[in-house]
Amino acid sequence: MFDTVLIADWSAATRKPVKESKDAIWLGVARAGLAVEQVYCRTRLEAEAWLDMFFASERSAGRKVLAGFDFPFGYPKGFARQLTGQDDPFAVWQWVAQRITDDEKGQNNRFAVASEINRAFPGAGPLWGKPSEDSWPEIPYRKSGIIYDLVAERRKTDLVAKAASSCFQLFFNPTVGSQLLMGLPTLERLRKRHQAAVWPFQDIDGAQLVFAEVWPGLIEGAVKLALANGAAEEIRDKVQVRLLSQALSGLDERAFSTLFDAPSSEAKEEAWILGAGCGQLLDRQARLATTEADMTLAPPPLRNDCFALPAGVDWTPVDDALAHLRDRLHPVTAVETLPLSLALGRVLAEDVVARRSNPPQPNTAVDGYGFAGPAADGAQVLPLVAGRAAAGQTYDHPVPAGYAIRILTGAALPEGVDTVILEEDVTCDGAKIAFNGPLKQGANTRKAGEDAAEGDVILSKGRVVTPADLALASATGVSHLAVRKPLRVGVLSTGDELVEPGEPAAAGQIFDANRPMLLALLASMGFEPIDLGKAEDDRAVLRGHLDAAAERVDVILTSGGASAGDEDHMSAILREHGAMEQWRIALKPGRPLALGMWQGTPVFGLPGNPVAAMVCTLIFARPAMGLMAGADWQVPQGFELPAAFSKRKKPGRREYLRARLRNGQVEVFKSEGSGRVSSLSWAEGLVELPDGAVDITPGTPVRFIPYASFGM
Ligand code: AMP
Ligand code: MG
């Protein structure tokens, strides 16, 4: 089995536009049935460079890779002998690789090479098809008149797979013949550079990298389905490589090994399409991939008992409660692949590996003159070579020993240069430079990979992507990131007394303070807040709200009614439902927190008091939701600072006070009342007092946690 599957949809065309387009080269990467990325390549040169980096970084990450290419790896039986005098298909690869030329614009000589092939065969053909009737006299314009007797028109595998195309068609769709001529040279170079085993020509047991021929026609049903189901505006080639890579990487071991069962005897020379003759196996698997929401796979839901506390515990210490959440919760969000420009603030679903070293080659850190170091003590005079090296403008000739070259910051060091002297330390007459030694070898240069080496893990799974991470990913050649979709968190207020701000409020009614606060808190923490409105204190109404919410969101936060009293309907219905735990946490402020599952969706029943609702959200809900969103467990960063207040506290409960920092000292709000909304606004963080007894006087160090440490 393979850790990674890569699918390449090849093209014989000239350079494609900057904007993603069809009939270009598309590469699709998947692991364990999940699409990791699809890469658009404008030219074959660009694709080959990307594949080089990809194979190298997969190897350094220790992953086994299956790379599938969608053009024939061989010609029909007899072709190789006629062209090269040998039956070995690699003789053809080499023959073609030695002759084909290709450039940055995708301009190539395939028709000239095709003419040379046709000269090796008696009669017209076998290659046919060209842009105009009067070009390339050795290539027939149409197929009629070519007799396929020395070699067949189609390979055995083309017949078995029911592919209409032929290896000999160079022009008019499908241009398989051209793709093959423009693809084999790349494969020949890549297989040698990366020691790939080519199936079915070679034994693939134990190989770290296997090349196989694939054909997206085998999953045509799934591709149609995906395009019909909303992927319509997507590029077909992109959908093909995504689904085929997902299908191949999602097969179970047994199904997978049947794909590689020895095909017909012709395959050793003609090659074989992976999966040809295996019926609907691949198409079925690819259809599964299309039904995943947005082509991504969501992890299993949480277990119903994930909030169950150990029996017999009365007041649970805060740390135990947190440890319990940490043990029981896991990510519930799906994975998607996004370009860097859309990935800020998202949680990484996988470790990110550098595709290229940074810097990619040794370069200069300053403007100055480069030469072969070290320079000895005393006055030095070096003649200059003509020309200069600047960032992005390489100097392609070696610099001889004893000479120097003008070099500008960021320029790759030319051959023969390993040391740079600062411009300011040099006098120059245009033909030579003079300066005072000594200067160490390597001075003022940056080593290749000194920042990050190709294959290094640069960012770890579970991390929230920062602006600096985008710089690092980009600098190391990473264009897309596998990230989690945002966790959708619904917020519901409960209580007969609540009215909306702006509505008339009768005596005994209060404005809903919790919902706007909680929705805004969630947004600033990187979750997707969803306003579920408010519900009156009526169990049937509450049930209706939770039923509807469980369909739309990943987590529900409610406030109010979470205790065990007569009017505490939220905890009552969660209890009735059988999956509720009254968490009596040794915490102030914060009366019992009700945690439960409602139809598979976790519910955090927060206290109604705004201060308690906020503290419980920051201390409990945030790290718990973070885990569900795929992030690492988050511990808010706090600072030991001198108190500006006095307080005596008994043992038993951990306490959080609303606090702020002034003149290097921690002030606390004048009242500890849990209904004081103004205190939350006054404060700029919380002071955390330990579970045990404390006696604080001005100057005593206390732990201050700024709001920013909670992601606010
Ligand atoms: P409860 O947890 O329902 O017993 O409510 C405790 C206190 O918080 C009561 O004074 C409620 O009126 C108040 N409260 C409940 N929900 C909210 C809310 N959304 N906004 C402001 N105060 C609330
Ligand atoms: Mg209430």
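One-based numbering, in listed order, for ligands and for the atoms of each.
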*Does any non-hydrogen side-chain atom of Leu470 lie less than 4.5 Å from one of Val465?*
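Yes, close enough: below the 4.5 Å cut-off.
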_Side chain, backbone, both or neither: Ile510 near ligand 1, heavy atoms under 4.0 Å_ =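 Answer for Ile510: side chain.
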*What pair of heavy atoms forms the shortest contact from Lys534 to Val499, and how long is it?*
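Taking every non-hydrogen atom into account, CE-CA, 4.0 Å.
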*asked:* Quick check on Gly495 - does any of its heavy atoms sit under 4.0 Å from an atom of ligand 1?
replied: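 Gly495: no contact with ligand 1 (<4.0 Å).
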*What do you reckon, does Glu497 put a non-hydrogen atom under 4.0 Å from ligand 1?*
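Glu497: in contact with ligand 1 (<4.0 Å).
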*Among Lys647, Arg703, Lys650, find the one that has a salt bridge (Lys or Arg N to Asp or Glu O under 4.0 Å) with Glu655.*
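Exactly one pass, corresponding to Lys647.
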*asked:* Using the salt bridge (Lys or Arg N to Asp or Glu O under 4.0 Å) definition, which of the options Arg658, Lys649, Arg654, Arg653 pairs with Glu688?
replied: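 So the option named by the test is Arg654.
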*Taking distance alone, with no angle check, do Leu498 and ligand 1 share an N/O pair under 3.5 Å?*
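Leu498 vs ligand 1: no N/O contact under 3.5 Å.
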*Going by distance only, is there an N or O of Ala562 that falls short of 3.5 Å from an N or O of ligand 1?*
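There is no such contact.
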*For atom 23 (C) of ligand 1, which candidate among Ala513, Gly608, Ser674, Gly560 holds the nearest heavy atom?*
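That would be Gly608.
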Ligand 1 atoms in contact with [X] (distance to a heavy atom under 4.0 Å):
X	value
Ser493	19 (N)
Asp512	18 (C), 19 (N), 20 (N)
Gly561	1 (P), 2 (O), 3 (O)

*In Å, rounded to the nearest 0.5 Å, how long is the span from CG of Asp537 to CD of Glu567?*
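It is 5.5 Å, given to the nearest 0.5 Å.
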*Can you measure from CD1 (Ile219) to NZ (Lys224) and round to the nearest 0.5 angstrom?*
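The CD1 atom of Ile219 sits 12.0 Å away from the NZ atom of Lys224.
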*Inter- and intrachain pairs under ring-ring contact (aromatic ring centres under 6.0 Å, His included), touching residues 500-557, at least two apart*: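 For residues 500-557: none.
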